Structure formats: C-alpha cells, structure tokens
Amino acid sequence: LFLWAPLHGLALPTSLGYFLLPLAMVLAGRVVFAERLSRMQCLAVTLAAAGVLWEVLRAGGLAWPTWVVVLGYTAYFVLRRKLRTDTLAGHWLDVLILLPVCLWFVLTGQGTSNGWQTLLATPRLHILVPLLGITSSVALALYMTAHKLLPLGLFGMLSYVEPILLVLAALLLGERITSG
C-alpha cells in the first residue's frame with residue numbers, strides 16, 4: 001500500500017493513515033499494555049489528535065487506505081508483542097507468509113509484461129532492485145528493533161517521521177493539499 005498508493009493518487013489518504021497510526025499505537029499501548037505517558041507526551045498526543053481530527057472532519061470521513069494503515073499496523077504490532085513474536089524469527093515468519101503474495105505481484109503484470117519481464121529487460125534494475133531490497137531490509141530491521149525496545153506509545157509517536165515523508169512524496173508526484 002505504501003508503494004502502490006502514490007502511483008494511484010491515494011498517497012494523501014494513506015499518509016493520513018500514517019498520521020493516525022501513532023495515535024492508535026498510543027491508545028493500544030495504554031489500553032492493552034497499561035503504558036503511561038508523561039505530561040509532555042500527553043500534550044504532544046493531544047496536539048496531534050487535534051490536527052488529525054480537523055482533517056477527518058474536513059474530509060468528511062476516512063478513505064479505505066487510511067483504515068488499512070491504522071487498523072492493520074496497530075493490530076500487527078499489538079499481536080507481535082502479545083504473542084512474543086517480535087524477534088528475528090518472527091520477522092522471517094512474516095516474510096515467508098508474504099512471499100506468495102509478493103511472487104504473485106512479480107509474476108503477474110499490468111499490460112503486456114509482468115514484473116519479472118520488466119526486471120530482465122531493464123539492465124539498471126539488475127543493480128537497483130537488490131539495493132532496494134538491502135535498504136528496505138535494514139530499515140525494517142531497525143524498525144522492528146525499535147518496536148521491541150520502546151514502549152508502544154513512544155514507538156507510535158516516533159512513527160510521525162514516515163507520514164511526513166509520504167506527504168512530501170505525494171506533493172512531488174503532483175498531488176495537492178486543498179486550502180481547507
């Protein structure tokens with residue numbers, strides 16, 4: 001969804017999901033794990049909630065990519081922590097579960113070629129795709145390590161970096177934020 005949405009004009013609703021995600025993670029940390037926030041963290045959460053609430057009211061609701069991000073990631077991280085699968089082995093299990101879906105995307109295509117054919121026909125991708133894999137793996141490993149080491153509420157608040165970058169990408173790809 002993170003990669004698909006910007007290519008289909010849905011980066012802003014997806015980024016709204018990432019803006020809501022930290023609030024959902026803070027709420028999950030409080031409700032599920034009885035975590036407490038400091039006064040400054042409460043202030044930060046209140047300001048973030050006010051900003052997100054304004055956007056939800058202005059937009060008149062939430063698009064499906066927003067819900068997928070908010071509910072999906074929150075449930076994923078809560079389950080990983082509850083089931084104690086927030087380890088490297090748990091990460092590899094996640095990768096194995098996703099492998100068939102990934103293969104389907106690679107082997108089926110849009111138009112006349114699939115992802116595999118495009119990769120073979122584009123020499124510069126022979127270097128770029130493995131580099132993307134390595135970069136993504138390192139980033140995900142650091143993300144999972146942070147999830148394991150930090151309280152869920154703090155981890156959620158630090159997650160605001162990602163949606164800000166997604167909004168910038170959406171703007172660079174031509175999406176516009178209305179005056180409202």
Side-chain angles (χ1 to χ4, degrees), residues 1-86 90-91 94 97-98 101 105 132 135-180:
L1 186 61
F2 188 80
L3 296 174
W4 177 87
L7 299 174
H8 293 87
L10 293 169
L12 290 177
T14 303
S15 67
L16 180 58
Y18 284 102
F19 277 113
L20 275 169
L21 177 61
L23 297 173
M25 298 282 274
V26 167
L27 182 63
R30 179 73 183 114
V31 171
V32 178
F33 300 107
E35 295 175 356
R36 299 252 179 219
L37 298 177
S38 70
R39 286 184 185 201
M40 290 303 288
Q41 288 172 331
C42 285
L43 176 63
V45 168
T46 302
L47 291 173
V52 172
L53 179 63
W54 171 256
E55 176 57 22
V56 170
L57 292 173
R58 188 198 66 76
L62 299 175
W64 69 266
T66 307
W67 285 109
V68 169
V69 170
V70 172
L71 298 177
Y73 271 118
T74 303
Y76 173 74
F77 284 117
V78 167
L79 281 173
R80 280 186 65 106
R81 191 164 285 188
K82 278 287 212 188
L83 298 173
R84 294 193 168 114
T85 61
D86 50 355
H91 172 68
D94 294 346
I97 290 169
L98 288 173
V101 176
F105 277 109
L132 177 62
T135 304
S136 298
S137 297
V138 169
L140 189 57
L142 292 172
Y143 193 69
M144 292 301 178
T145 301
H147 165 256
K148 185 175 181 177
L149 297 176
L150 297 173
L152 201 58
L154 178 58
F155 175 72
M157 285 191 289
L158 290 173
S159 297
Y160 272 116
V161 173
E162 188 173 19
I164 291 168
L165 294 177
L166 184 56
V167 167
L168 293 175
L171 295 174
L172 289 172
L173 290 170
E175 288 189 50
R176 295 291 166 245
I177 298 173
T178 62
S179 61

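Nothing here was measured: the structure is a model prediction, and the numbers come from that model. All residue numbers in this chain count up from 1 along the given sequence.
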Do Q41 side-chain atoms and L154 backbone N/O form a donor-acceptor pair below 3.5 Å? no
For the OG1 atom of T145 and the CG atom of L149, what is their distance to the nearest 0.5 Å? 6.5 Å
Evaluate side chain to side chain contact (heavy atoms under 4.5 Å, CB included) for H147 paired with R81, printing each intermediate quantity in order. CA-CA 9 Å; H147 165 256; R81 191 164 285 188; 3.9 Å; yes
In terms of heavy-atom contacts, S15 and V167 come closest through OG-CG2, 3.4 Å
Reported CG-to-OH distance for the pair L165 and Y18, which is rounded to 0.5 angstrom: 11.5 Å
G17 and V70 have their tightest heavy-atom pair at O-CG2, 3.4 Å
One should read off an interatomic distance between F77 CZ and L21 CG, to the nearest 0.5 angstrom, of 7.5 Å
Using the rule given for side chain to side chain contact (heavy atoms under 4.5 Å, CB included), can you reason through K148 versus R80, listing the C-alpha separation, both sets of side-chain angles and the distance that settles it, and then say yes or no? CA-CA 9 Å; K148 185 175 181 177; R80 280 186 65 106; over 6 Å; no
Please report the interatomic distance SG(C42) to CG(L47), rounded to the nearest 0.5 Å. 11.5 Å
State, with a plain yes or no, whether a side-chain heavy atom of V69 is found less than 4.5 Å away from one of L20. no
For the backbone of V26 and the side chain of E35, can you confirm whether one donor and one acceptor N or O come within less than 3.5 Å of each other? no
Report yes if some heavy atom in the side chain of Y73 is under 4.5 Å from a heavy atom in the side chain of M25; otherwise report no. no
For P13, is there any backbone N or O sitting under 3.5 Å from a side-chain donor or acceptor partner on T66? yes
Would you find a donor on one side and an acceptor on the other, under 3.5 Å apart, between the side chain of R176 and the backbone of L171? yes
What is the distance from atom OG1 of T14 to atom CG of L1, rounded to the nearest 0.5 Å? 4.5 Å
Quick check: closest heavy atoms across G29 and L152, and the distance to 0.1 Å? N-CD2, 3.8 Å
Nearest-0.5 Å distance, CG of residue L10 to CD of residue E175: 7.0 Å
Is W64 atom CH2 crowded by more than 12 heavy atoms from other residues, nucleotides or ligands, each under 6.0 Å away? yes
